[in-house]
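Data first, discussion second: the structure below is written as C-alpha cells.
All figures in this text were calculated on a predicted structure; none of them were measured in a lab. For the numbers below, each heavy atom of this structure counts, side chains included, while hydrogens, waters and symmetry mates do not.
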Amino acid sequence: MTRNKYFPTLIFGFGAAVLSNVPGLNTFSCCIIIPAAVYMALYVDQRLNHFGYKVIGSNAFAFGILTGVFAALFTSGIDAFITFITKSNPIVYAVPQMREMVGELNLGPVGEASLELIEQMSVEIKQNGFSAIYSSLILITNLIYFSVFGIIGGFVAMAIVNNRYHKNHQDTDNSEQ
C-alpha cells in the first residue's frame with residue numbers, strides 16, 4: 001500500500017490552482033473546485049491502492065489540508081505571476097469604487113487607512129507589477145480559505161470513496177462464498 005499523500009494532493013492542488021485563476025471559474029473555487037480536487041486526490045490514491053484500505057478521518061483531513069495548501073500556494077503564485085506580467089489586477093480597477101464606498105460608509109480614520117493601503121498596493125502593481133502587501137494578503141487568505149474548504153471536501157470525499165470501498169469489498173466477499 002503506497003502511503004505517499006503528497007503526489008495526488010500536489011497534482012490536484014495544482015489543477016485546482018489553474019482553474020481557480022480562470023476568470024469566471026474562480027468564483028467556484030470554494031464550493032466546487034477545491035472539494036473536487038480533494039475528492040480526485042483521494043480517489044486516485046484509492047485507485048493506486050486498488051481500494052485496499054478504508055479512508056479514515058485523519059486521511060480525509062490530511063488530503064484536504066494538503067490539497068488546500070498546495071492549491072493556495074500555486075494559486076497565489078500564478079496570480080502573482082499574471083499580475084507581474086500584466087502590471088494589472090482587479091484591485092487596480094476597483095480602487096475608484098472602493099474610494100466611493102469608503103466615503104459613503106463614513107468609516108473615519110480606519111476607512112481612510114484601509115483605502116490608503118489599497119491605493120499603495122494599486123500603485124505598486126501598476127509600477128512594478130508586484131506588491132508584497134497584496135501578495136502576502138492573497139497568500140494568507142488563500143491558505144485559510146482553501147484549507148478550510150479542502151478539509152470539508154476531504155470529509156465529503158471520504159464518505160463517497162468509502163462507499164466505493166464497501167462496494168468493492170462486498171463484491172469480493174460475495175465471490176469468495
Side-chain angles (χ1 to χ4, degrees), residues 1-86 88-91 94 121 130-177:
M1 171 170 24
T2 62
R3 298 301 313 146
N4 185 357
K5 292 177 184 74
Y6 300 111
F7 188 69
T9 59
L10 181 69
I11 296 300
F12 289 102
F14 179 76
V18 170
L19 292 175
S20 294
N21 277 292
V22 173
L25 286 180
N26 59 358
T27 308
F28 302 106
S29 293
C30 68
C31 49
I32 297 175
I33 295 174
I34 299 301
V38 176
Y39 167 76
M40 290 303 298
L42 256 174
Y43 181 78
V44 165
D45 185 65
Q46 282 288 304
R47 288 286 298 215
L48 291 172
N49 291 300
H50 308 291
F51 293 93
Y53 70 95
K54 183 177 176 185
V55 178
I56 58 174
S58 60
N59 288 347
F61 181 84
F63 272 79
I65 197 92
L66 286 172
T67 305
V69 166
F70 286 136
L73 293 172
F74 286 127
T75 298
S76 301
I78 292 168
D79 182 67
F81 181 71
I82 291 170
T83 300
F84 180 74
I85 297 297
T86 63
S88 183
N89 193 289
I91 200 166
M121 288 188 292
F130 180 78
S131 170
I133 298 167
Y134 173 77
S135 296
S136 299
L137 290 174
I138 290 299
L139 177 61
I140 291 166
T141 302
N142 285 342
L143 281 170
I144 294 167
Y145 185 62
F146 288 2
S147 295
V148 167
F149 283 98
I151 292 167
I152 292 168
F155 286 106
V156 171
M158 177 181 75
I160 296 168
V161 169
N162 280 343
N163 188 26
R164 175 75 181 235
Y165 169 84
H166 289 300
K167 284 181 183 177
N168 280 359
H169 286 285
Q170 283 178 343
D171 293 341
T172 305
D173 293 342
N174 291 340
S175 66
E176 290 175 359
Q177 292 176 357

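Counting only heavy atoms from C-beta outward, the side chains of M121 and N89 never approach each other to under 4.5 Å. By the 4.5 Å heavy-atom criterion applied to side chains, V69 and L143 are counted as neighbours. With contacts defined as side-chain heavy-atom distances shorter than 4.5 Å, the pair N59/I56 qualifies. With contacts defined as side-chain heavy-atom distances shorter than 4.5 Å, the pair F74/L10 qualifies. Side-chain atoms of V38 and V156, non-hydrogen and from C-beta on, never get closer than 4.5 Å to each other. Side-chain atoms of V18 and I78, non-hydrogen and from C-beta on, do get closer than 4.5 Å to each other.
Of all heavy-atom pairs spanning P35 and C30, the tightest one is CD-O, 3.2 Å. Minimum interatomic distance between L42 and G154 (heavy atoms only, all atoms of both residues): CD1-O, 3.8 Å. Taking each heavy atom of L25 and I33 in turn, the nearest pair found is O-CD1, 3.5 Å. Of all heavy-atom pairs spanning A60 and M158, the tightest one is CB-CB, 3.8 Å. Taking all atoms of both residues into account, the shortest heavy-atom contact from A17 to A71 is CB-O, 3.7 Å. The nearest pair of heavy atoms linking S20 to T75 is CB-OG1, 3.9 Å.
Remark: I138 CD1 to I91 CD1 distance equals 7.5 Å, nearest 0.5 Å. The structure places OG1 of T9 at 14.0 Å from CZ of F14, a figure rounded to the nearest 0.5 Å. Rounding to the nearest 0.5 angstrom, the gap separating the CD1 atom in I34 from the CZ atom in F12 is 13.0 Å. Atom-to-atom distance recorded for I140:CD1 and S136:OG is 6.0 Å, nearest 0.5 angstrom. Note: F63 CZ to I151 CD1 = 14.0 Å, rounded to the nearest 0.5 Å. Rounding to the nearest 0.5 Å places OG of S147 at 11.0 Å from CD1 of I152.
In summary, of the residues considered (K54, R47, Q46), a side chain to side chain contact (heavy atoms under 4.5 Å, CB included) with V161 occurs for Q46 alone.
Checking N142 against S76 by side-chain atom types alone, a donor-acceptor pair falls below 3.5 Å.
Ring geometry for Y43 versus Y39: interplanar angle under 30°, hence parallel rather than tilted (30 to 60°). The aromatic rings of F155 and F61 lie tilted to each other, with the angle between the two planes from 30° to 60°.
The backbone N or O of A132 sits nowhere less than 3.5 Å from a side-chain atom of S135 that would complete a donor-acceptor pair.
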